Amino acid sequence: MTSQNNKSGLAAMTLAAVGIVYGDIGTSPLYTLKTIFDPTHGLALTTPNLLGIVSLIFWGLTLIVSLKYVTLVLRADNRGEGGIMALMALALNSVTRSSRWHYPLMVIGVFGATMFYGDSVITPAISVLGAIEGLEVATPALSHYVVPLAVVVLVGLYSLQRHGTAGIGRWFGPVMIVWFAALAIMGVINIAKAPVILQALNPLHAARFVMENQFIAFVALGAVVLALTGAEALYADMGHFGKKPIRVAWFMIVFPALALNYLGQGGLLITDPTAVENPFFHQLGTWSVYPLVVLSTMAAVIASQATISGTYSMTKQAIMLGLLPRMRILHTSESEIGQIYIPAVTWIQLAVVLIAVIGFGSSDRLAGAYGIAVTATMLATTLLTFFVTRYRWKLPLVVCLGATGFFMLMDIALFSASTLKLLHGGWFPLLLGAILLTGMLTWKRGRELVFENLEAHAIPLDAFLSSLFVGPPTRVPGTAMFLRGESDGVPHALLHNLSHNKVLHERVVFLTVHIREEPWVAPAEQAQVVELGHNCFQLNVHYGFKDEPDIPGIMRQCAALGLPFEMMETSFFIARQTVISTPGRGMAPWREHLFATMSRNARAAADYYQIPPNRVIELGTQVEI
């Protein structure tokens, strides 16, 4: 019975993984071969070239997705969690803070994360455009409606985000199963018409194509990478589904369907070279175009939803790791903690996606931008994986270089080929990445400068309490909780309260939140109480970067630690920091002003930690950086 339950559970998780994890890579057949044989690339549509290109795609899926991600990178989990942020945290934990590698590893991780943001902008744009472009195949007169229809679909998709995906999410898996089945069936039909395409399974055709075409092959490689988009998603979603369902879904459903469809499109182009304008929608003839447009649009929406949800998850992790200011995060499901909605991210992302759709206008033009975003994230993942295998797993250097060196060479080759499109769209994700990288590193450095300033002027808490109770102030009923940084000394809010009100509550609690570089902290380990004497306590709260901050929940846990709370008798004193830029100190003036602006617009600490607003007293304080 248990074995049967395990099998049914695995089947359900595998179905869910097909729907959410593989939407991105699953929609790549819409535009990959069309882009590779775009006339501007100068690649002749001949049988040897087709065999070489399809062979490159097949072995790229085999080596990079199957071997690198599904086999190797999925092993580098951070307590079950995956993704570039979790991998960065794992790599940072592998070296000491004083290590020369600590800051470079953080920059690599943040850069990879910013490229993921670029990917999450381009995926909705290119997938939806690629799907709706099928209308041009049916009737060229409809070509003028492609961009407006794409805009309508995307605006509708983003408008639904505040309602969550709980209602429609259960349809993702079945729809994508139909999609992959359609890919496989179309592939088999066209392979049967041109069996010679099966020769592409021989890697010698890929090698021969590269050697004979050289520079043109190098250019084509920048488009071949489009077949690999979404590989990072299967790693990022590991925490939601686990390794086994992701692996089963890939090897049993996704990989076979993709391989058959690419072989089928190659076979189609051998028998009908005129289909090169859009091979995907020519696979079954004119009768199938409209049904395929509908099905591919549904698949594109699902692929877009997966990247939008991934962006929310990535943003939450970045906030917890101190790389972004606090934002308003809403939960859209009472049962699934991972289903969140971040309004600010939603509308900023939609604006950038619409700029991409309207500005580029077609999936062909967006393809150059897509390649750079994908390959840059892949390269960052490989670099971080090396440090995990070497310093975390303590494997011999030769083994680490052997495990990651081969993939690093492949990633460098793919990234280099993608950079040829720098002036034809490649600048777009790099510009987005540069803006985000600047913002993240500025926020991180600004928080460090604030911390250093507070630490330099901090009054040691123990010494202060000893002197305070030599002639104690008047104690009033109730509990006062003061938020306090890790090494802040006496909270400014306490000093202001004593200075202005001349009283102290009968019980005083100092609350310090610690964020660990790991995804989860067990509830039993989250709260620690230290008695300081005179009915004063230090409450240390430990969260992982994927935990949900919930101070009222922590207060309920404290009853078992001998520190019970009554919310209506507890007041929270929080210092609202106003950052002031000081010339000649800290960062460059423009970065200090940027940090001050971000700080002013950050979500209030009380709101972020879910503290009831009617129990909060905010006191202002100025901090120079």
Side-chain angles (χ1 to χ4, degrees), residues 18 22 25-38 41 43-71 177-213 216-217 220-221 223-231 247-285 288 292 296 410 414:
V18 170
Y22 292 109
I25 198 168
T27 53
S28 57
L30 283 167
Y31 43 77
T32 299
L33 278 177
K34 174 189 170 188
T35 303
I36 292 171
F37 287 102
D38 188 292
H41 293 162
L43 183 61
L45 184 60
T46 63
T47 298
N49 285 350
L50 271 169
L51 290 174
I53 286 294
V54 175
S55 186
L56 275 174
I57 291 173
F58 175 80
W59 286 102
L61 291 170
T62 301
L63 295 174
I64 293 180
V65 184
S66 300
L67 193 57
K68 175 186 169 181
Y69 276 95
V70 178
T71 304
I177 288 290
V178 173
W179 170 254
F180 285 117
L183 291 183
I185 291 168
M186 290 190 296
V188 170
I189 290 171
N190 286 289
I191 290 169
K193 293 178 181 177
V196 68
I197 195 64
L198 290 173
Q199 294 180 28
L201 298 176
N202 185 343
L204 291 177
H205 284 285
R208 188 179 297 119
F209 171 77
V210 171
M211 288 187 290
E212 290 178 358
N213 292 277
I216 291 179
L221 198 62
V224 168
V225 76
L226 296 175
L228 312 175
T229 60
R247 285 175 173 151
V248 171
W250 173 253
F251 286 115
M252 298 296 291
I253 300 170
V254 181
F255 185 30
L258 290 175
L260 286 170
N261 195 258
Y262 282 120
L263 287 164
Q265 287 191 45
L268 170 68
L269 293 178
I270 289 174
T271 57
D272 181 14
T274 60
V276 72
E277 61 173 348
N278 201 323
F280 181 86
F281 287 101
H282 279 96
Q283 288 180 94
L284 295 180
S288 66
L292 281 177
S296 58
M410 293 185 68
L414 291 170

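What you see is a predicted model; the values in this text were computed from it and never measured.
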**4.5 Å side-chain heavy-atom contact, Asn278 and Leu30** = no

**Prompt:** Run the side-chain contact (heavy atoms from CB on, under 4.5 Å) check on Val254 and Leu258 step by step: do they pass?
**Reply:** CA-CA 6 Å; Val254 181; Leu258 290 175; 3.7 Å; yes

**Side-chain donor/acceptor of Ser288 to backbone N/O of Gly285, under 3.5 Å** = yes

**Atom of Ile25, atom of Ala227 and distance for their closest heavy-atom approach** = CG1-O, 3.6 Å

**Prompt:** How far apart are the C-alpha atoms of Ile177 and Ile253, what are their side-chain angles, what is the distance that settles it, and do they pass the side-chain contact (heavy atoms from CB on, under 4.5 Å) test?
**Reply:** CA-CA 8 Å; Ile177 288 290; Ile253 300 170; 3.8 Å; yes

**Item:** Any Leu61 side-chain heavy atom under 4.5 Å of Phe255 side chain
**Value:** yes

**Item:** Euclidean distance, Asn49 CG relative to His205 NE2, rounded to 0.5 Å
**Value:** 12.0 Å

**Request:** Compare all side-chain heavy atoms of Leu228 with those of Leu414 and state whether any distance is below 4.5 angstrom.
**Result:** yes

**Asked** Does any non-hydrogen side-chain atom of Phe209 lie less than 4.5 Å from one of Ser55?
**Response** no

Could you give the side-chain donor-acceptor pairs of residues 263-274 under 3.5 Å, partners two or more places apart or in another chain?
| unit_1 | atom_1 | unit_2 | atom_2 | d |
| --- | --- | --- | --- | --- |
| Gln265 | NE2 | Pro29 | O | 3.2 |
| Gln265 | NE2 | Asn261 | OD1 | 2.8 |
| Thr271 | OG1 | Gly267 | O | 3.3 |
| Thr271 | OG1 | Leu268 | O | 3.0 |
| Asp272 | OD1 | Thr274 | N | 3.3 |
| Asp272 | OD1 | Thr274 | OG1 | 2.4 |

**Item:** Pairwise distance OG1(Thr46) to CG(Leu51) - rounded to 0.5 angstrom
**Value:** 8.5 Å

Please set out all donor-acceptor pairs under 3.5 angstrom arising from side-chain atoms of residues 190-204, sequence neighbours excluded.
| unit_1 | atom_1 | unit_2 | atom_2 | d |
| --- | --- | --- | --- | --- |
| Asn190 | ND2 | Met186 | O | 2.9 |
| Asn190 | ND2 | Gln283 | O | 3.2 |
| Asn202 | OD1 | Leu204 | N | 2.9 |

**Asked** If we only count heavy atoms from C-beta on, is the Ile53 to Leu43 side-chain gap below 4.5 Å?
**Response** yes

**Message:** Between Ile189 and Leu284, does the side-chain contact (heavy atoms from CB on, under 4.5 Å) criterion hold? Intermediate values first, please.
**Reply:** CA-CA 8 Å; Ile189 290 171; Leu284 295 180; 3.7 Å; yes

**Request:** Kindly give the heavy-atom pair with the smallest separation between Tyr22 and Phe180, and that separation in Å.
**Result:** O-CZ, 3.7 Å

**Request:** Give the intermediate values and the outcome of side-chain contact (heavy atoms from CB on, under 4.5 Å) for residues Ile36 and Ile57.
**Result:** CA-CA 11 Å; Ile36 292 171; Ile57 291 173; 4.1 Å; yes

**Message:** Taking Val70's backbone N and O only, do any of them form a donor-acceptor pair with Arg247's side chain (distance below 3.5 Å, no angle check)?
**Reply:** yes

**Prompt:** Would you say the side chain of Phe280 lies within less than 4.5 Å of the side chain of Tyr31, judging by non-hydrogen atoms?
**Reply:** no

**Request:** With the side chain counted from C-beta on, respond yes when Met410 and Leu63 share a heavy-atom pair under 4.5 Å apart, and no when they do not.
**Result:** yes

**Message:** Treating Trp179 as the side-chain partner and Gly26 as the backbone partner, does any N or O pair qualify as donor plus acceptor under 3.5 Å?
**Reply:** yes

**Beyond-backbone contact of Thr32 with Phe37, side-chain heavy atoms, under 4.5 angstrom** = no

**Item:** For Ser28, all residues meeting side-chain hydrogen bond (donor to acceptor under 3.5 Å, both in side chains), sequence neighbours excluded
**Value:** Tyr262

